[in-house]
Amino acid sequence: MTPPADAASHDTASAVPSQARQADGLRAGDRPSRESLRDVPLAFWLLVSALLLNVFSGRWGEMGIPLGPDRLLLVGGLLLLLLDPRIPRPRPRLLHGAMLLFIAWTAASMILHGALGTASIFAVLDRVVMPFVLFATAPMLLRSRLERLLFLRGLGLLGVYLSLTALFESAGVSALVFPRYIEVLKRLPELGDNAIRAGGPFVSGEANGMALALCAVAAFLLARLDRGGWRVFGLVVGPLATACSVLSMTRSVWLGVALAALVVVGSRRGLWPWVPFMAIAAAILAVAGVAAVPDVVENIATRGSTSRSLNDRQNSNVAAVRAIGEHPLAGVGWGRFVEVGPDWVRQADTYPVTTVNIEVHNVVLSRAAELGLPAAALYVGILLAGPGAAAIRRRRDDPEAEDWRTATLAAGLIWFVPAMTSPIPYPFPTFVFFTLAGLVWAFPPPRARTTNGDENDHVNGGDVAQSGVTRVEEYVEEYKE
């Protein structure tokens, strides 16, 4: 029977065993005890380590490491996650079936067109397979509040590293840039204007800017959900990483960050009184940035007026449209547009042809050109029904889920704008975005958070309720406090 209202809190607290409290994870203001940290599965540590180390993906050879440990950790973590009997599997959905169908279509295209090279296989894994796998397994990976906070803390710490590296790069303090290959590769002539862009471990301004912006989103969410020192940490790292994303000198990143900030502030009325303080803080950061990196204003102006990259995008995208016209059903084959794309390049009347052997600079258009219109339509449907639905579906009945949704919306804009102007060949931003979206997409309603003593009855994240007693109202009130 439901206890009386005046005794519910006392009875509920006394009825909860310590083991259930540990499974529930951290509440705001708590610190992880040694026992609760030991309760975190090994699969979690492996997968989060793999995500954080993925910023060095493709560059391990430059550090003398022949095989990237991030990929080994990723495979090992996924195997442990799927084999651990304590972690329940999410229920199969139609969206998961659509993802499997798209993976099969992509693999068939690669095989039938004879594009079985190492680069094509890794491209399938990084751009198609792993984002979908992370989306589907995110509820298993981040099922407790403790695991979700640890995930955000890891991204926040990564944001510190990326921010400092961007500052050192832009200020010319090469002795403090680590790893050393960053400064070595930036001086290569084939990297073009990357000398003025903070490319970080990616050696790419766009990738580094997106990563910094995503780490900023995680830091702001950490400041919202955590307390104590970690809240202060999030409040410091969030603005810092956001400001350093400007040093990437990438217009798509600037636009994505600006849209994310406007949408988040506009959709959360609680942030409106803070707008003047945000503006003052932004001005202070801008002045400090100009003082620390005197050339930053000139570099921003240089990047803002550059037209060659725009011409390259126009040429590749128009060529992709011509290729779709000739191969509308099956495309030219996965990973083959760089090779055959010049067949559809034409000299335009209003802009020059500068480069022809490049990827299509639009993710959706690239899927259509290489896989055909049916596959592209399936891919768009997956994006809309999965990450898109997660980002826009409000969760007014659950404060924590709503905070994660808002963060996913910001991350989605940071990912979407570059995706419309770039092939996004680097996996880290896509991995992080799809992980956030997968968690929010499967977040259960608070009324489902009742237990019979085991959180594993509800795989889709969320906290443990207690002894069969519904704790929704108590949880919401505690969270608001």
Side-chain angles (χ1 to χ4, degrees), residues 26-32 48 51-52 55 145-171 173 176-178 198 200-202 208-248 253-254 256-258 260-265 268 270-293 296 400 403-404 406-411 413-414 428-429 432 436 479:
L26 284 181
R27 293 203 174 278
D30 292 343
R31 292 184 179 180
V48 171
L51 284 175
L52 298 180
V55 298
R145 184 175 175 83
L146 171 58
E147 291 165 351
R148 294 193 289 273
L149 286 180
L150 290 173
F151 174 67
L152 294 178
R153 292 173 185 179
L155 288 176
L157 292 171
L158 177 63
V160 173
Y161 161 71
L162 294 177
S163 297
L164 292 177
T165 303
L167 288 172
F168 295 150
E169 280 188 79
S170 301
V173 189
L176 297 179
V177 176
F178 177 82
F202 308 91
N208 198 42
M210 293 176 69
L212 280 162
L214 291 172
C215 289
V217 170
F220 283 123
L221 183 59
L222 181 65
R224 168 69 174 168
L225 298 179
D226 219 334
R227 288 186 179 177
W230 284 107
R231 167 168 285 185
V232 176
F233 174 80
L235 290 174
V236 172
V237 175
L240 175 64
T242 303
C244 288
S245 68
V246 177
L247 301 178
S248 67
V253 172
W254 297 344
V257 171
L262 289 174
V263 170
V264 169
V265 173
R268 302 297 292 264
L271 294 176
W272 292 359
W274 292 91
V275 170
F277 299 98
M278 294 178 188
I280 294 173
I284 293 175
L285 284 174
V287 173
V290 172
V293 188
V296 67
E400 183 185 1
D403 286 338
W404 279 92
T406 302
T408 301
L409 177 60
L413 291 170
I414 292 168
F428 178 79
V432 172
L436 290 173
Y479 186 84

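Both backbone and side-chain heavy atoms feed into the values below; hydrogens, waters and symmetry mates do not.
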key: Aromatic ring pairing Phe202/Phe428, orientation class (parallel under 30°, perpendicular over 60°, tilted between)   = tilted

Please report, to 0.1 Å, the donor-acceptor pairs under 3.5 Å made by any side chain of residues 237-245, with sequence neighbours excluded.
{"residue": "Thr242", "atom": "OG1", "partner": "Gly238", "partner atom": "O", "Å": "2.8"}
{"residue": "Ser245", "atom": "OG", "partner": "Thr242", "partner atom": "O", "Å": "2.5"}

request  = Ignoring hydrogens and angles, tell me if any N or O in the side chain of Glu169 forms a donor-acceptor pair with the backbone of Gly200 under 3.5 Å.
outcome  = yes

inquiry  = With heavy-atom distances below 4.5 Å as the criterion, would you say the side chains of Phe151 and Leu221 are in contact?
reply    = no

remark   = To the nearest 0.5 Å, atom CG of Leu212 lies from atom OH of Tyr161 at 10.5 Å

For Phe168, ring pair (Phe, Tyr, Trp, His ring centres under 6.0 Å) partners two or more places apart = none

request  = Answer whether the closest heavy-atom distance between the side chains of Thr165 and Phe178 falls below 4.5 Å.
outcome  = no

request  = Would you name the heavy atoms of Ala223 and Arg231 that are closest together and state the gap between them?
outcome  = O-NE, 2.8 Å

remark   = Sequence neighbours excluded, the answer for side-chain hydrogen bond (donor to acceptor under 3.5 Å, both in side chains) partners of Thr406 is Arg268

query = Atom CG of Leu149 and atom CD of Glu147: how far apart are they, to the nearest 0.5 Å?
reply = 10.5 Å

ask   = Would you say the side chain of Leu150 lies within less than 4.5 Å of the side chain of Arg153, judging by non-hydrogen atoms?
value = yes

task = Flag the pair Leu247 / Leu167 as yes when at least one side-chain heavy-atom distance between them is below 4.5 Å, and no otherwise.
result = yes

Closest approach of Val257 to Ala213 (non-hydrogen atoms, all atoms of both residues) = CG2-CB, 3.6 Å

key: Pairwise side-chain contact, Leu225 with Trp230, heavy-atom cut-off 4.5 Å (strictly under)   = no

inquiry  = For Val432, run the side chain to side chain contact (heavy atoms under 4.5 Å, CB included) check against Leu155, Val217, Leu158 and tell me which one passes.
reply    = Leu155

ask   = Could you give the distance from CG (Leu52) to CG (Leu157), rounded to the nearest 0.5 Å?
value = 8.5 Å

key: Nearest-0.5 Å distance, CG of residue Asp226 to CZ of residue Arg145   = 7.5 Å

key: Pairwise distance CD1(Ile414) to SG(Cys215) - rounded to 0.5 angstrom   = 10.0 Å

task = Identify the heavy atoms of Leu413 and Ala260 that sit nearest to each other, and give their distance.
result = CD1-CA, 3.7 Å

